[in-house]
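Working notes, beginning with the structure itself.
Here is how names work: the chains are called A, B, and so on, in the same order as the sequence lines, proteins then strands, and each is numbered from 1.
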Amino acid sequence: MTATQIMAAMLLIPLAGAAAGAFAPRTIAKHIGFASSLVVFGLSVLLAWEFPAWTTGAFWPGNADGTLSDGSSAVGLGVTFTLGVDSVSLLLILLTTFLTPLAILGSYTSVRTREREFFGWFQILLSAMLLAFMARDVIAFYIGYEFTIVPMLFLIAVFGGDNRRYAAIKFFVFTFVASVITLAGLIYVAAMRADAGNEWSFALVDLQQFARESLSKEQRFWVFTALMIGFCAKVPLFPLHSWLPLAHDQAPTGGSVILAGTLLKLGTYGIYRIALPMAPDAAVASTVFICMLAVIAIVAISLVCVAQRDVKKLVAYSSVSHMGVAMIGLFALNPTGVTGSVMYMINHGLSTGALFLCIGMMYERYHTKDMDKIGGLARRMPIWAFFMIFFTMTSVGLPGLNGFVSEVMCLLGAFMAQPLAELEYPGMMGPRWMLIAGIGSVILGALYMLFMVGKLVWGPLKEPHGHAHHGDATVPARGGVHSMHETHAGAHTGGAGATHAGLAHDSPHAAGHDQEYPLPPDLNVREICILTPIALLCVFIGLQPWPLLDVIAPSARETIAGYPEAVRDHLADLAADAQLNATTALLPATGTATATGTGTAPASSGALGSPLVIAP
Amino acid sequence: MTSKLALILPEILLVVGAILVTVLGLARGKVWRDSVPAVTIGLLLAACCLVPVVTTDVRLASAGLLLPAVGMYAKPLILLVAIGLVMLSVGLVDRRLELAFAHGRAAFDAIRVMRGEYHAFLLLSVAGACLICNAPDFIWLFLAIELVSLPTYIMVATSRGSRKAQEAAMKYFFLGAMSSAIILYGIALLYGSTGTLQLLAIQDVLAGQAAGEGVATLALVGLVLIIIGLCYKISAAPMHFYAPDVYEGAATSLAAFLAFVPKIAGFLALILVLTAVGWSGHRVAIDGELVAIGNGLPRPITALLWMIAVLTMTLGNIGALLQKSVKRMLAYSSIAHSGYMLIGLIAGPGGPSGISGINATLFYLLAYALMNIATFGPLASLERNGEEVETLDDIAGLRQRHPALAWVLAIGAGSLIGLPPLLGFWGKLYVFSAGIQAGQTPLVVIAAVNSGISVYYYLRLLSEPLVSQTNARSATVVSTPSIWPRVASVTMAGGLVIVPLFLGRVLDAANRSTRGVAITTVDQTTELDQPAPRPVAAVTPDAP
């Protein structure tokens with residue numbers, strides 16, 4: 001099989017699986033979903049096995065071989081549906097195909113109504129995500145990127161919690177509107193390129209080359225802004241993040257796993273793959289702004305997490321904070337930071353995905369996510385407690401586990417990105433940014449995560465009032481579950497005035513089906529099988545990050561190839577401004593001083609952390 | 001003359017067919033009466049097959065048409081979509097009367113049956129839309145537009161046995177008459193300025209005026225009036241107010257008809273009128289010197305269309321946000337989509353390497369036709385106690401009883417949103433690309449924001465049938481006895497999914513249809529007193 005065939009098969013098998021599942025008996029829909037996602041995982045491993053360019057940062061197959069349509073503009077408008085992967089996209093594909101079967105397996109017992117739809121949408125989601133990661137054509141990318149929100153809409157709106165409709169619509173509107181703006185930016189570049197006398201093309205390389213070389217600085221800035229609005233809403237970066245906690249809170253476990261594990265990575269991947277290479281100067285100019293937002297996200301959202309009582313919301317908010325670290329790494333714009341950021345994407349996908357799985361397993365047994373209602377579960381569920389603590393440790397970045405490597409690299413990248421023109425990779429940040437981000441992510445992150453796990457796992461055993469354990473009880477205590485929901489409603493911090501009335505009848509999570517899938521007090525074999533591979537991978541990456549770093553670094557270098565130059569230009573501009581300001585300040589006629597004196601940085605760049613030293 | 005007649009053979013077939021259908025509808029035998037929709041569909045299909053047969057390059061070249069090839073794309077589109085629209089209305093007209101006949105509660109009464117007339121008027125209206133493609137002059141154009149509109153007034157009144165329909169018909173008729181008067185007045189003014197009604201001659205005269213001191217004010221006023229009058233046909237602001245009331249009053253399947261046939265007729269007419277104005281560079285006198293102000297329509301016309309487009313999409317989307325009735329919501333959505341399509345017209349035919357905005361609009365019309373039936377169709381296939389379903393509540397949880405219809409609605413709504421990879425996405429992509437390339441970036445940004453707003457109400461249409469549970473209202477909704485509305489809906493939804501796979505061919509067809517129009521870029525060095533070169537009108541089959 002050629003690479004293109006493998007990739008096409010990876011895109012089509014989930015769709016075929018979804019179609020087959022739609023007509024299959026209700027009870028085997030989940031097995032079909034699991035099988036097809038497993039096949040896709042196998043194919044992705046095959047693709048990785050055949051992949052020849054692990055250490056070169058090149059794309060495979062080349063543009064001409066990877067196209068699915070026959071002619072250059074067979075689809076019209078120069079849309080070609082070219083597929084190709086480099087090491088980073090392949091790693092993210094592996095992450096996606098690795099997490100999806102586990103998420104499907106994790107939803108085996110929690111989804112009890114409309115199984116065909118649930119597992120069908122899951123497979124369609126897999127296909128859409130893979131298309132986004134494989135595309136070498138921005139329209140193909142956009143189709144995958146945008147279509148992911150449809151399965152997610154249904155996963156949340158049909159199978160979510162009691163406020164699911166609101167959460168789903170908010171999620172859809174937020175991400176759709178933002179990505180339409182991204183699309184407008186992409187069309188703009190393509191239209192300008194066609195206007196300059198070229199054939200219409202939406203191929204990524206063509207657009208990036210044209211944007212870098214032929215657009216004016218101002219045009220590039222607007223294009224970059226348009227692209228970033230869409231991608232940052234997906235990441236999500238601080239002011240655009242408000243859909244995420246709600247969506248996570250309401251999504252079913254499997255949906256949360258994929259949402260946190262891979263969907264958010266589409267945003268950072270879009271920045272990494274499309275936005276950064278397209279407009280180096282605009283990216284440099286907006287670095288300070290974006291990093292400020294990222295730092296606000298890290299610190300402020302961490303504080304929000306400290307106050308959170310709902311476990312799932314806490315992990316969701318922590319995702320926002322963690323993705324802020326990834327953004328800091330990405331916008332360090334040096335190989336260390338960018339490599340660390342890509343690594344962070346993968347590690348965050350693993351650890352947060354696993355945390356959501358763990359919380360889902362707890363929720364399935366206790367039907368509550370409220371930390372005040374539940375505690376000391378180590379006594380009841382020792383295996384679960386082990387995994388919960390383990391994944392918390394990976395999430396807070398315990399040395400020896402995967403989270404540590406990437407977090408340190410992101411912060412190190414930010415530290416190294418100093419505005420010194422003589423550095424090989426100068427940047428716009430510096431030690432201060434790194435310090436604030438580090439305090440936020442390491443100290444506060446550890447604080448709230450450990451606080452959560454301490455409440456849940458240790459201390460005296462506390463189970464919801466009236467809770468009769470499903471594993472012990474032959475008849476589930478429906479009344480108990482009801483009262484639990486009612487008390488849960490009181491402590492629920494959800495945004496839109498959720499009413500819990502009727503949840504037990506309406507929601508797929510409702511009690512009443514428990515006899516169908518009895519769960520033991522502690523994790524069963526299936527659940528252990530879900531968590532173990534993730535845990536092993538976390539340990540492996542933590543102890544042996546080098547193979548991963550070696551394959552990410554070449555691709556990262558390609559992405560930020562134009563950056564040292566762009567940063568030097570930007571610094572030179574700043575210095576010129578500073579000199580101009582200084583000279584005008586010295587003139588007696590102007591009166592007001594706009595800068596403190598000759599040779600120092602202007603006020604705007606004073607916050608950069610270190611004085612500008614510019615080679616003349 | 002014979003070549004002109006030969007070109008309109010499909011329309012002649014439809015008109016003759018209309019008489020045949022009227023007679024059939026009056027037949028005493030039930031079988032004959034029941035065959036009316038089938039005969040109508042057969043006629044439409046035959047006309048559609050006839051189009052490529054009668055359309056030869058020689059005939060087109062001698063017919064004196066402004067856009068000779070546009071019929072090759074537009075006519076089959078109109079005729080094929082009309083087949084879908086006929087399918088939607090099978091079993092609609094005379095349903096109670098026929099039941100009464102069948103049960104012997106009433107004796108057959110030729111005066112009371114309507115089915116024949118309804119389908120005859122439908123055929124006439126479709127014939128009018130097709131005739132617009134062949135209009136060599138304004139008289140023909142105006143008559144064709146009237147032929148589209150007049151039957152629809154009667155169809156609205158007879159489609160439903162309720163007062164609401166008659167009220168809607170009256171509104172539709174009076175406003176339509178006013179718009180016709182405005183168009184006619186505009187034509188008169190244009191005639192006064194140019195001295196001719198031939199589109200080709202007008203093009204020459206206007207190009208001459210433009211190359212001289214700019215298009216005469218009288219001609220501009222005439223054009224403005226024509227455009228505003230045509231806004232009624234495409235339900236664009238400021239003439240859009242009737243749409244929600246009329247669509248709500250008319251039967252659902254007829255609302256789908258009104259949202260497409262007059263709209264495509266209006267857009268074809270607009271394309272012809274604007275092509276006559278020409279997208280070549282217009283010059284104005286500034287300080288005694290003639291200065292080219294770039295390519296495009298005359299400034300006032302561009303400004304007018306710009307404002308119409310922005311107002312149309314914004315008012316349409318905001319109006320739709322406030323609706324509870326699905327039919328009214330879709331009416332406003334139809335208004336909003338007219339606004340998107342206007343972007344293509346503002347963009348114009350584009351340069352030699354560029355995307356033609358006209359083609360983009362023609363392609364969008366195809367996409368809209370499918371989406372239109374895919375969203376109105378399921379509503380037309382459902383009823384409660386013989387009454388139409390209208391609110392979102394009625395279709396809540398549709399999935400549980402009519403899964404296919406629920407999915408059709410979801411696909412239609414998704415396509416209206418512009419979700420990739422459905423057809424609506426490609427339509428928007430094409431129109432937006434043309435707009436940006438023509439330098440209309442702000443307009444495209446406004447449109448993008450608007451399609452963001454539209455997500456909210458389309459999402460209700462998408463999620464209500466699939467996500468919600470059946471409620472007390474929707475539990476009593478059943479499908480109509482006839483299967484054909486469902487067949488049409490499912491086919492169109494299938495088209496929304498499948499046509500993108502053949503996008504290249506469809507786009508090619510749209511591109512070929514406007515061959516002959518191109519920006520004749522005015523070089524600064526050419527002599528100013530010469531009229532701008534006229535766009536090539538002859539058709540060359542293999543030209544790129």
Please find the pair of heavy atoms, one from B/V467 and one from A/R114, that lie closest to each other, and give the distance. O-NH1, 3.5 Å
I'd like to verify something: which residue of B/L462, B/V445, B/I436, B/L419 has the highest number of heavy-atom pairs under 4.5 Å with chain A? B/I436
Go through B/G452, B/P421, B/A448, B/G418 and name the one with the most non-hydrogen pairs under 4.5 angstrom from chain A. B/P421
Are side-chain heavy atoms of B/V455 and A/V180 found at a separation under 4.5 Å? no
Examine whether an atom of A/I169 lies under 4.5 Å from a heavy atom of chain B, and if so say whether it belongs to the side chain, the backbone or both; otherwise answer neither. both
Could you check if a side-chain atom of B/S463 sits within less than 4.5 angstrom of a side-chain atom of A/F172, using non-hydrogen atoms only? no
Are A/R165 and B/R460 packed together at the side-chain level, in the sense that at least one heavy-atom pair is separated by less than 4.5 angstrom? no
Can you give me the closest heavy-atom contact between A/A191 and B/S433, atom names plus distance? CB-O, 4.2 Å
Are A/V177 and B/Y456 side-chain neighbours, meaning at least one heavy-atom pair lies under 4.5 Å? no
Pick from B/I417, B/V444, B/V449 with the largest number of heavy-atom pairs that fall under 4.5 Å of chain A: B/I417
Region of A/Y188 in contact with chain B, defined by heavy-atom distances below 4.5 Å: both
Please verify the inter-ring angle class for A/Y142 with B/F425; under 30° counts as parallel, over 60° as perpendicular, anything in between as tilted. parallel
Which region of B/L422, side chain (C-beta onward) or backbone (N, CA, C, O), has a non-hydrogen atom less than 4.5 Å from a non-hydrogen atom of chain A, or is it both or neither? neither
Value for OG (B/S451) from CG (A/L183), rounded to nearest 0.5 Å, stands at 9.0 Å
Partner chain B: residue of A/Y145, A/F147, A/F176 with the largest heavy-atom pair count (under 4.5 Å): A/F176
Is it the backbone or the side chain of A/A190 that comes under 4.5 Å from a heavy atom of chain B, or both, or neither? neither
